[in-house]
Structures are given as C-alpha cells and as structure tokens.
Amino acid sequence: MASVGTSLPRLPRQDSPSQSSRVRGLLGLLCAASGLLLMIAQVPFFVSIALTAPLTARIGLGALWLLQFTLGVHWRSNRPMLPLLLAALMTGTWYLLGVVAAPYLGWTLEPLG
C-alpha cells in the first residue's frame with residue numbers, strides 16, 4: 001500500500017503500441033504482401049498449364065487461383081501468415097498438376113505436321 005503523499009507508479013498508455021507489437025505488425029505486413037505478390041507472380045505458370053489442359057481444367061484452375069487469391073486478400077489484415085501459406089499451396093498445386101500429373105492426364109502439346 002502506498003503511503004500518504006507518495007505518487008502511484010505510472011502505467012503504460014494503452015493506446016501506444018509496444019515495440020514488439022510494431023515489429024509483429026511489420027512482419028505481418030511483409031508476410032501478407034509477399035504472399036499476395038507471389039500469388040500474382042504465379043499467374044503465368046497457371047496459364048502455362050491451361051494452354052495444354054482441357055476446358056474444364058482451365059475453368060477449374062482459374063477458379064482455384066481466383067478463390068485462393070480472394071482468400072489471401074480477405075485474410076491479409078487479421079491473419080497475415082495465411083496469404084504466404086496460400087502462395088505455397090498454389091505452388092504445390094501448379095507443380096503437382098503441371099509437372100507431375102500433366103503427362104498422365106494427357107495434357108501435352110501435340111506437334112504440328
């Protein structure tokens with residue numbers, strides 16, 4: 001208990017963010033921004049799959065990319081790590097469909113002539 005005449009200890013202000021929350025905010029912004037940029041950078045790779053895929057696969061791949069990008073934009077502020085994880089998931093999808101499974105699915109270019 002404080003004696004009469006002594007001041008109470010100062011408490012930190014609630015409206016000023018601490019150093020760790022600023023760093024966490026900057027790291028979150030960096031994760032979200034890099035995840036969204038990586039998703040945009042993967043558009044040519046998804047288009048390269050779509051050149052050899054049938055129409056239903058083109059529509060499916062386009063819808064998958066659009067869904068994941070929309071979720072990344074939606075989650076960028078309250079879950080900043082998820083856009084980066086979605087970009088990694090998109091990379092895995094592209095690799096598995098475009099590189100590994102495409103020859104078995106018959107998604108190859110036919111030579112002309």
Side-chain angles (χ1 to χ4, degrees):
M1 219 177 209
S3 62
V4 177
T6 60
S7 62
L8 294 174
R10 296 185 123 215
L11 296 175
R13 293 180 61 181
Q14 296 297 327
D15 58 349
S16 64
S18 65
Q19 183 71 18
S20 64
S21 68
R22 277 189 226 133
V23 170
R24 188 178 301 131
L26 286 174
L27 286 176
L29 178 67
L30 181 67
C31 284
S34 61
L36 291 174
L37 287 174
L38 285 172
M39 286 184 206
I40 292 171
Q42 291 179 20
V43 169
F45 297 102
F46 272 78
V47 169
S48 70
I49 296 173
L51 290 175
T52 60
L55 181 62
T56 55
R58 290 177 194 173
I59 293 170
L61 285 170
L64 177 68
W65 184 89
L66 188 61
L67 173 72
Q68 288 179 337
F69 185 76
T70 304
L71 287 175
V73 169
H74 177 69
W75 286 334
R76 75 184 184 279
S77 59
N78 56 354
R79 297 179 185 130
M81 192 66 174
L82 285 179
L84 196 56
L85 293 174
L86 283 172
L89 181 67
M90 287 173 120
T91 304
T93 302
W94 171 80
Y95 183 75
L96 289 175
L97 282 177
V99 176
V100 176
Y104 298 107
L105 294 172
W107 297 356
T108 57
L109 291 175
E110 298 294 327
L112 296 174

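- For the atom pair CG (L26) and CG (L30), the distance works out to 8.5 Å, reported to the nearest 0.5 Å.
- The hydrophobic cluster containing V73 also contains F46, counting ILVMFWY residues as joined when their side-chain heavy atoms lie under 4.5 angstrom apart, directly or transitively.
- By the rule that hydrophobic residues join a cluster once side-chain heavy atoms approach within less than 4.5 Å of another member, I49 and V100 end up as members of one cluster.
- Under the side-chain contact (heavy atoms from CB on, under 4.5 Å) criterion, A32 pairs with R76, P80, P83, sequence neighbours left out.
- With sequence neighbours excluded, the residues satisfying side-chain contact (heavy atoms from CB on, under 4.5 Å) with L38 are L84, A87.
- In this structure, L61 is a member of the same hydrophobic cluster as V47, with clusters built from ILVMFWY side-chain heavy atoms closer than 4.5 Å.
- Within the structure, side-chain hydrogen bond (donor to acceptor under 3.5 Å, both in side chains) contacts touching residues 27-48 (residues at least two apart or in different chains) are Q42-T91.
- Applying the side-chain contact (heavy atoms from CB on, under 4.5 Å) test to A88 and every residue at least two apart in sequence or in another chain returns nothing.
- Grouping the Ile, Leu, Val, Met, Phe, Trp and Tyr side chains by contacts below 4.5 angstrom, directly or via other members, places V43 with L36.
- A distance of 9.5 Å separates CG of L71 from CG of L66, quoted to the nearest 0.5 Å.
- Shown here are the side-chain contact (heavy atoms from CB on, under 4.5 Å) partners of L85, two or more places apart in sequence or in another chain: M81, L82.
- Among all heavy-atom pairs drawn from A41 and P44, the shortest one is O-CD, 3.2 Å.
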(request) Start with the C-alpha gap between M90 and L86, add the side-chain angles, then the distance that decides, and say whether side chain to side chain contact (heavy atoms under 4.5 Å, CB included) holds. (result) CA-CA 6 Å; M90 287 173 120; L86 283 172; 5.5 Å; no
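- Grouped by direct or indirect side-chain proximity (heavy atoms under 4.5 Å, Ile/Leu/Val/Met/Phe/Trp/Tyr only), L55 sits with I59.
- Annotation: ring-ring contact (aromatic ring centres under 6.0 Å, His included) contacts involving residues 69-96, sequence neighbours excluded, comprise F45-W94, W65-F69.
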